[in-house]
Amino acid sequence: MPAYARPARVEEALKVLARGGCTVLAGGTDFYPARVGRTLDGNILDITAIRALRGIAERRGHWRIGAATTWSEVIEAKLPPLFDGLKLAAREVGGVQIQNTGSVAGNLCNASPAADGVPALLALDASVELGSTKGVRQLPLHEFILGPRRTALRPGELVTAVLVPKPDTAAASHFLKLGARKYLVISIVMASAVIEHRSGKVVNARVAVGACSPVAQRLPALEAQLKGKRFDATLSDWVNPAQLAVLEPIADVRASAEYRKQAALELVRRLLREMA
Ligand SMILES: Cc1cc2nc3c(=O)[nH]c(=O)nc-3n(C[C@H](O)[C@H](O)[C@H](O)COP(=O)(O)OP(=O)(O)OC[C@H]3O[C@@H](n4cnc5c(N)ncnc54)[C@H](O)[C@@H]3O)c2cc1C
C-alpha cells in the first residue's frame with residue numbers, strides 16, 4: 001500500500017525522501033495529468049504544508065523564491081521591475097486555478113520544453129537550491145534541466161528554492177508568449193529578457209527562448225551584441241537570425257520547425273522593442 005506523507009518541515013521531508021521510493025507532489029498540476037487513469041503506485045511526499053518552501057524573500061545578494069511558491073503568489077508579490085518578465089510568465093501558466101496551485105519548482109522539475117517559467121528564470125540567471133539529508137547544493141538553472149523530463153535532481157533531493165541574483169544596476173525585464181490562441185495554451189514559442197542598464201546604456205543583457213529546443217536556451221551571441229548599446233527601441237535592430245542558430249525547433253501538432261524559427265526571431269525583436 002503506497003504511503004502518503006505531508007510533513008510541515010523541510011527536515012522531515014528530506015528524511016522521508018532519503019528512505020527512497022517516493023515522488024514529490026507540489027501543486028499536482030503536472031503530476032496528476034501524467035497519471036490519468038492509473039492508480040498511484042509509489043509513495044507520495046506532499047510538500048504543500050511546508051511553510052518554509054513558500055514565498056519570496058529579499059536577501060543580501062539575491063532573491064529567494066521558495067520552491068512551492070505558486071504562480072499566483074509570484075504575481076501578487078511586491079517585486080522590482082527585474083521580475084516583470086517572471087510575473088508575465090506566471091500569468092501565462094494555465095488559468096487562474098492552475099496558477100493558484102502550480103508551483104515554480106514544479107514547473108522546473110517537470111522539465112517540459114514548453115514550461116513558461118524556464119526562459120524567464122534563465123533570463124534572471126537563476127540557480128536552483130537542492131536539499132537532501134546529506135546537505136545543500138546549488139546549480140545554475142541551465143545545468144539543472146538536462147532535457148525533456150530530465151533534471152539533475154539526485155535521489156533523495158528536493159528543490160528547496162530558486163535563487164535570483166541581484167544585479168548591480170537598474171534592470172528591466174519582459175516576457176512574451178506565442179500560442180495558437182491568446183490564453184490557456186501551450187507555447188509555440190516564448191521569449192524573455194532581462195536588461196541591466198545604466199545612464200541609458202545596456203550593461204548586461206540576458207535573452208532566453210523556450211519551446212524551440214529540448215531545453216530553453218539563452219542567446220549568447222545576441223546578448224554580447226546588445227552590451228553597451230543604447231537602451232531604447234533600436235535594441236531590436238541588433239537581432240539577426242544567426243544569433244538564434246542555437247535553437248533547434250521541432251515540428252509538432254502546434255507548429256512547423258520553420259514557423260517556430262520565424263516566430264522566435266519576431267518574438268525576440270518585439271520583446272526588445274517593447275522593453276525599451
Ligand atoms: C490545464 C493545465 C494548463 C497548464 N498550462 C501551462 C502553461 O500554460 N504553461 C506552463 O508552463 N505549464 C502549464 N501547465 C503545467 C503546470 O501547471 C506547471 O508546470 C506547474 O508549475 C507545475 O507545478 P506543480 O506544483 O503543480 O507541480 P507538480 O505537478 O506537483 O510536480 C511536477 C513535477 O515536479 C516534481 N516536483 C515538484 N516540486 C518539486 C520539488 N520542490 N522538488 C523536487 N521535485 C519536485 C514532481 O515530483 C513532479 O515530477 C498546465 C497544467 C495544466 C493541468
Side-chain angles (χ1 to χ4, degrees), residues 4-7 10 13-14 16-18 21-36 40-55 64-75 86 88-122 128-132 136-137 139 141 144-145 148-163 175-190 192 208 210-211 215-216 254:
Y4 171 79
R6 191 169 184 258
V10 175
L14 297 182
V16 172
L17 269 184
C22 197
T23 306
V24 175
L25 173 69
T29 60
D30 279 317
F31 177 92
Y32 288 116
R35 291 166 175 79
V36 172
L40 295 182
D41 47 5
N43 299 334
I44 303 295
L45 171 64
D46 181 338
I47 59 169
T48 55
I50 307 176
R51 291 181 62 109
L53 295 181
R54 294 294 272 268
R64 189 175 203 279
I65 305 174
T69 303
T70 65
W71 290 112
S72 293
E73 287 166 343
V74 171
I75 293 164
L86 185 65
L88 288 167
R91 289 183 186 282
E92 297 287 351
V93 179
V96 172
Q97 294 96 329
I98 297 295
Q99 291 157 18
N100 281 344
T101 181
S103 64
V104 174
N107 195 246
L108 305 183
C109 293
N110 190 55
S112 161
D116 287 314
V118 177
L121 287 164
L122 282 175
V128 176
E129 182 188 86
L130 303 161
S132 74
V136 179
R137 65 181 179 123
L139 272 185
L141 180 56
F144 177 69
I145 304 179
R149 317 284 171 205
R150 276 197 316 123
T151 69
L153 205 62
R154 293 179 187 152
E157 276 186 334
L158 180 73
V159 176
T160 45
V162 176
L163 308 175
F175 172 92
L176 285 177
K177 165 168 170 170
L178 173 75
R181 56 174 187 256
K182 194 146 176 56
Y183 295 110
L184 282 170
V185 70
I186 297 178
S187 292
I188 292 173
V189 183
M190 68 290 209
S192 189
V215 183
R254 285 183 281 282

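Read the numbers this way: they start at 1 and go in the same order the structure lists the ligands and their atoms. Since this is a predicted model, take the numbers as computed values, not measurements.
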(request) Output the distance between atom CD1 (Ile98) and atom OG1 (Thr70), rounded to the nearest 0.5 Å. (result) 12.0 Å
(message) Side chains of Asn110 and Ser112 only: does a donor on one sit below 3.5 Å from an acceptor on the other?
(response)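 No, no side-chain donor-acceptor pair sits under 3.5 Å.
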(message) Can you tell me if Ile75 has over 12 outside heavy atoms packed within less than 6.0 Å of its CD1?
(response)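 For Ile75, atom CD1 is crowded (more than 12 foreign heavy atoms under 6.0 Å).
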(message) Other residues, nucleotides and ligands only: do more than 12 of their heavy atoms fall within 6.0 Å of CZ on Arg54?
(response) yes
(request) Output all residues satisfying side chain to side chain contact (heavy atoms under 4.5 Å, CB included) with Val96, sequence neighbours left out; order by chain, then residue number. (result)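 For Val96 the side chain to side chain contact (heavy atoms under 4.5 Å, CB included) partners, ignoring immediate neighbours, are Gln99, Asn100.
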(request) State, to 0.1 Å, how close Asn107 and Val118 come at their nearest heavy-atom pair, and which atoms those are. (result) OD1-N, 4.0 Å
Measure from every N or O atom of ligand 1 to the protein's N or O atoms and keep only the pairs below 3.5 Å, writing each with atom names and distance to 0.1 Å.
unit_1: ligand 1; atom_1: 5 (N); unit_2: Gly94; atom_2: N; d: 3.2
unit_1: ligand 1; atom_1: 8 (O); unit_2: Glu92; atom_2: O; d: 3.0
unit_1: ligand 1; atom_1: 8 (O); unit_2: Gly94; atom_2: N; d: 3.1
unit_1: ligand 1; atom_1: 8 (O); unit_2: Asp116; atom_2: OD2; d: 3.4
unit_1: ligand 1; atom_1: 8 (O); unit_2: Lys177; atom_2: NZ; d: 3.2
unit_1: ligand 1; atom_1: 9 (N); unit_2: Asp116; atom_2: OD2; d: 2.7
unit_1: ligand 1; atom_1: 11 (O); unit_2: Asn107; atom_2: ND2; d: 3.0
unit_1: ligand 1; atom_1: 11 (O); unit_2: Asp116; atom_2: N; d: 2.8
unit_1: ligand 1; atom_1: 17 (O); unit_2: Thr29; atom_2: OG1; d: 2.7
unit_1: ligand 1; atom_1: 19 (O); unit_2: Asp30; atom_2: OD2; d: 2.6
unit_1: ligand 1; atom_1: 19 (O); unit_2: Asn107; atom_2: ND2; d: 2.8
unit_1: ligand 1; atom_1: 21 (O); unit_2: Trp71; atom_2: NE1; d: 2.9
unit_1: ligand 1; atom_1: 21 (O); unit_2: Ser103; atom_2: O; d: 2.8
unit_1: ligand 1; atom_1: 21 (O); unit_2: Asn107; atom_2: N; d: 3.4
unit_1: ligand 1; atom_1: 23 (O); unit_2: Ser103; atom_2: N; d: 3.1
unit_1: ligand 1; atom_1: 23 (O); unit_2: Ser103; atom_2: O; d: 3.4
unit_1: ligand 1; atom_1: 25 (O); unit_2: Gly27; atom_2: N; d: 2.7
unit_1: ligand 1; atom_1: 25 (O); unit_2: Ser103; atom_2: N; d: 2.9
unit_1: ligand 1; atom_1: 25 (O); unit_2: Ser103; atom_2: OG; d: 2.6
unit_1: ligand 1; atom_1: 26 (O); unit_2: Gly28; atom_2: N; d: 3.1
unit_1: ligand 1; atom_1: 26 (O); unit_2: Thr29; atom_2: N; d: 2.8
unit_1: ligand 1; atom_1: 26 (O); unit_2: Thr29; atom_2: OG1; d: 2.6
unit_1: ligand 1; atom_1: 29 (O); unit_2: Gly28; atom_2: N; d: 3.4
unit_1: ligand 1; atom_1: 29 (O); unit_2: Thr29; atom_2: N; d: 3.2
unit_1: ligand 1; atom_1: 29 (O); unit_2: Asp30; atom_2: N; d: 2.8
unit_1: ligand 1; atom_1: 29 (O); unit_2: Phe31; atom_2: N; d: 2.7
unit_1: ligand 1; atom_1: 30 (O); unit_2: Ala26; atom_2: N; d: 2.8
unit_1: ligand 1; atom_1: 30 (O); unit_2: Gly27; atom_2: N; d: 3.2
unit_1: ligand 1; atom_1: 30 (O); unit_2: Gly28; atom_2: N; d: 2.8
unit_1: ligand 1; atom_1: 41 (N); unit_2: Val159; atom_2: O; d: 3.0
unit_1: ligand 1; atom_1: 42 (N); unit_2: Val159; atom_2: N; d: 2.9
unit_1: ligand 1; atom_1: 47 (O); unit_2: Val24; atom_2: O; d: 2.6

